[in-house]
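Down below is the structure, laid out as structure tokens.
Hydrogens, waters and symmetry mates are skipped; everything else that's a heavy atom, side chains included, is used.
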Amino acid sequence: MKTPSPLSSRPVSSVYASPVAAAGRVYVTSRDGVTQVFSHADPEPRMLAVNRLDDTFSASAALVDRELFLRGERFLYCCAEE
């Protein structure tokens, strides 16, 4: 996980999938595999994390319990805390 940066310095672009939200966070995944995590519960939205997968994404993420599923063109990914 990379250090969060100001919201305005990393615009979301090339997004086909719908954003998904849970636990006070919004997840936005771009076509080029970058998932940006924004705060939803704070008075001002802020970027919490930026994560990258080496794949192309068009489908919306699916949230199940405490897992985030992402369907890339090559693989199905499951992201969860250990």
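In plain terms, the two heavy atoms of Leu68 and Ala61 that are nearest each other are CD1-CB, 3.5 Å. Considering all non-hydrogen atoms of both residues, Arg66 and Ala80 come closest at O-CB, 3.9 Å. When all heavy atoms of Ala17 and Ala59 are compared, the closest pair comes out as CB-O, 3.2 Å.
Remark: the backbone N or O of Arg46 is paired with a side-chain donor or acceptor of Ser39 at under 3.5 angstrom. Using a distance-only test at 3.5 Å, with no hydrogens or angles considered, a donor-acceptor pair links the side chain of Arg52 to the main chain of Asp32.
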Decide yes or no on side-chain contact (heavy atoms from CB on, under 4.5 Å) for Val34 and Val50, but give the supporting numbers first. CA-CA 7 Å; Val34 176; Val50 177; 3.7 Å; yes
side-chain contact (heavy atoms from CB on, under 4.5 Å) between Arg31 and Ser58, worked out: CA-CA 6 Å; Arg31 293 258 311 140; Ser58 298; 2.3 Å; yes
Pair Val15, Thr29 - check side-chain contact (heavy atoms from CB on, under 4.5 Å), show working. CA-CA 7 Å; Val15 175; Thr29 302; over 6 Å; no
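Considering CZ of Phe75 and CG of Leu70, their distance stands at 14.0 Å, rounded to 0.5 Å. Rounding to the nearest 0.5 angstrom, the gap separating the CG atom in Asn51 from the CD atom in Gln36 is 10.0 Å. To the nearest 0.5 Å, atoms SG (Cys79) and CZ (Phe69) are separated by 9.0 Å.
Residues Val37 and Met47 fail the side-chain proximity criterion, which asks for heavy atoms closer than 4.5 Å.
Taking Asp55 as the reference, Arg74 meet the salt bridge (charged side-chain N to carboxylate O under 4.0 Å, His left out) condition, with sequence neighbours excluded. Taking the ring-ring contact (aromatic ring centres under 6.0 Å, His included) definition, one finds that Tyr77 meets it with Phe57, sequence neighbours left out.
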